[in-house]
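Structure first, then comments.
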Protein chains: 2
Amino acid sequence: MVATTSTRERLVEVATGLLEEGGPSAVTLREVGHRAGVSHNAPYKHFADKEDLLAAVAAAQLRANRATVQHLSDGRPPGEALRLVLHAYVSRAMEHPEMFRLIYGRWRTDSAELGQAAHEARSLLVSLVQAAQDSGDLPPGDPDRMTALLQALAHGAADLALSGHLAKDGKGHAEPGDLVDDLLARLATT
Amino acid sequence: MVATTSTRERLVEVATGLLEEGGPSAVTLREVGHRAGVSHNAPYKHFADKEDLLAAVAAAQLRANRATVQHLSDGRPPGEALRLVLHAYVSRAMEHPEMFRLIYGRWRTDSAELGQAAHEARSLLVSLVQAAQDSGDLPPGDPDRMTALLQALAHGAADLALSGHLAKDGKGHAEPGDLVDDLLARLATT
DNA sequence: ACCTGAACACCGTTCAAGT
DNA sequence: ACCTGAACACCGTTCAAGT
């Protein structure tokens with residue numbers, strides 16, 4: 001299997017690496033072009049501007065996440081699958097903070113590719129929640145709303161932990177994963 | 001009462017305005033200086049660099065938020081006070097997205113002023129939660145951890161809503177404030 | 001102590017031109 | 001269709017100098 005990566009794919013790969021190393025400001029089109037072996041403005045032939053390139057990076061990562069989620073939940077009981085997926089959500093955020101902040105950052109460009117990837121990621125999560133409700137691991141109710149509750153908690157716990165606003169005194173000892181478990185436990189006993 | 005605003009205070013005010021209008025990239029030291037009536041590099045006499053100025057902006061806002069929280073909760077039953085404060089947290093985020101993202105963004109500078117303001121904001125929230133536990137509006141347990149759970153949910157709901165990752169199909173109709181109420185309701189019946 | 005003007009290095013973006 | 005080199009406007013930061 002020969003990997004024939006197009007220039008466009010290489011630009012996205014290189015930009016991904018630069019992002020994780022030093023955040024969006026480290027993704028200069030000059031360095032992207034240089035690492036991809038093209039000129040510093042060749043990216044403009046594939047992307048409208050820098051933000052459009054970053055949107056492609058975020059979309060690619062969302063698709064990769066979706067594959068991970070599917071693999072993680074495959075063949076497991078719904079309650080356990082959901083728990084693993086939420087913990088993976090948090091772990092990914094803590095290990096790849098720049099990518100996390102990019103994906104859930106503010107976009108002034110409405111990238112169709114990114115919107116599509118985000119929609120598919122959410123759909124998968126909703127179906128997982130629905131399965132957990134059917135199996136009795138989660139209480140009944142609108143699955144969209146239950147999903148939003150769970151994702152909001154996992155997301156907020158990760159984001160606050162990343163910014164150091166989550167009880168760093170060590171007293172509460174509230175790791176983001178612990179909060180996920182707290183919520184799941186309370187929901188299970190309702 | 002004559003308002004004798006120092007240059008430093010004026011720089012922070014001007015930077016705050018620019019931030020809310022167009023985000024951190026709109027806060028150019030040149031424009032800050034110009035609006036404050038000084039040269040484009042006068043800010044360097046008051047702040048180490050641009051990030052240090054933004055840290056002062058964030059710290060000032062955290063202190064203002066703290067005052068709002070105290071005023072909101074003053075004289076109300078703990079359960080209601082907590083609910084109002086969490087809703088205010090969400091509303092503030094939705095109405096001032098750039099400020100919200102700044103405060104809970106990533107800092108490479110460890111500003112003592114910002115760290116102090118963040119710590120005090122968290123302490124106030126913990127004491128509110130503790131009062132709600134004492135009055136029976138919230139279940140018992142480590143107040144630091146209960147606070148983290150509540151803040152993580154409010155924070156995540158607001159952040160996901162801002163980035164459009166919260167069920168925008170309209171089916172679940174999950175506004176951030178609704179999620180706050182969902183969690184409070186579930187905690188009340190535990 | 002606080003401020004200014006010039007200068008430097010860097011970056012996103014555009015443009016005319018090349019194959 | 002895809003790429004290049006030069007150029008423009010802009011920005012953070014530094015420096016020598018002024019009061």
Side-chain angles (χ1 to χ4, degrees), chain A residues 3-59 98 101-102 105-111 113-114, chain B residues 2-60 98 101-102 105-111 113-114:
Chain A
T4 46
T5 50
S6 67
T7 297
R8 193 194 141 96
E9 286 167 10
R10 231 174 325 132
L11 290 172
V12 172
E13 281 172 25
V14 165
T16 301
L18 286 168
L19 176 82
E20 303 220 310
E21 287 170 31
S25 70
V27 186
T28 67
L29 295 187
R30 281 166 166 82
E31 185 64 17
V32 168
H34 183 250
R35 290 200 186 184
V38 292
S39 78
H40 73 280
N41 45 15
Y44 284 96
K45 306 304 163 183
H46 302 270
F47 304 96
D49 51 22
K50 177 175 171 174
E51 195 184 6
D52 193 39
L53 168 60
L54 289 176
V57 168
E98 297 295 353
R101 293 224 123 110
L102 178 75
R106 302 199 85 206
W107 301 92
R108 36 202 82 193
T109 308
D110 263 330
S111 157
E113 187 190 2
L114 181 56
Chain B
V2 181
T4 45
T5 50
S6 66
T7 298
R8 193 194 142 98
E9 287 168 9
R10 229 171 330 130
L11 291 172
V12 172
E13 282 172 24
V14 164
T16 301
L18 286 169
L19 176 82
E20 303 220 309
E21 287 170 29
S25 70
V27 186
T28 68
L29 295 188
R30 280 166 167 81
E31 185 63 17
V32 169
H34 183 251
R35 290 199 185 185
V38 291
S39 77
H40 73 280
N41 45 15
Y44 284 96
K45 306 303 162 183
H46 302 271
F47 304 96
D49 52 21
K50 176 175 171 171
E51 195 184 5
D52 194 38
L53 168 60
L54 289 176
V57 169
E98 297 294 353
R101 292 225 124 109
L102 177 76
R106 302 200 84 206
W107 301 92
R108 38 202 84 194
T109 307
D110 264 330
S111 157
E113 186 189 4
L114 181 56

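The chains referred to below are lettered A, B, ... by the order of the sequence lines, with proteins before strands, and numbering in each begins at 1.
Nearest-nucleotide positions on DNA chain D for B:Ala48 and A:His40 put A:His40 closer to the 5' end. DNA chain D is contacted by both B:Arg30 and A:Arg30; A:Arg30 maps to the nucleotide lying nearer its 5′ end (nearest heavy atom per residue).
Between the NE2 atom of A:His34 and the C1' atom of C:dC11 there is a distance of 16 Å, given to the nearest Å. Distance, A:Leu11 CG to C:dG12 P: 14 Å, rounded to whole Å. Rounded to an integer number of Å, the gap from CG of A:Leu29 to P of C:dT13 is 6 Å. Between the P atom of C:dT13 and the CG atom of A:Asp52 lies a distance of 10 Å, rounded to the nearest Å. Atom C1' of nucleotide C:dC10 and atom NZ of A:Lys50 are separated by 12 Å, given to the nearest angstrom. Counting to the nearest Å, the C1' atom of C:dC2 and the NE2 atom of B:His46 are 7 Å from each other. Rounded to whole Å, atom P of D:dT4 lies 15 Å from atom OH of A:Tyr44. If you take CG of B:Leu18 and P of D:dG12, they are 11 Å apart, rounded to a whole angstrom.
Between D:dT4, D:dC11, D:dC3, one nucleotide has an atom nearer to the side chain of A:Thr7 than all others, and that is D:dC3. The nucleotide whose nearest atom lies closest to any side-chain atom of A:Ala42 is, among C:dC3, D:dG12, D:dT4, D:dT4. Of the candidates C:dC3, D:dT4, C:dT13, the closest approach to any side-chain atom of A:Lys45 belongs to D:dT4. Set against C:dC3, D:dG12, D:dT4, the side chain of A:Asn41 has D:dT4 as its closest nucleotide.
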Yes or no on side chain to side chain contact (heavy atoms under 4.5 Å, CB included) for A:Leu29 and A:Asn41, after CA distance, side-chain angles and deciding distance?
-> CA-CA 7 Å; A:Leu29 295 187; A:Asn41 45 15; over 6 Å; no
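If you take NE2 on B:His46 and CG on B:Asp52, they are separated by 12.0 Å, rounding to the nearest 0.5 Å.
A donor-acceptor pair under 3.5 Å is absent between the side-chain atoms of B:Glu113 and the main chain of B:Ala59, judged by distance alone. B:Glu21 contributes no side-chain N or O that, together with a main-chain N or O of B:Ala26, makes up a donor-acceptor pair within less than 3.5 Å.
Residue B:Val14 is tested with B:Val12, B:Leu11, B:Leu18 for a side-chain contact (heavy atoms from CB on, under 4.5 Å); the sole match is B:Leu18.
Under the Watson-Crick and G-U wobble criteria, each requiring two contacts below 3.5 Å, nucleotide C:dA9 is left unpaired. When both distances must be under 3.5 Å, the Watson-Crick or G-U wobble mate of C:dC3 does not exist.
When heavy atoms are screened at a 4.0 angstrom cut-off, B:Val27 is found touching the sugar-phosphate backbone but no base atom.
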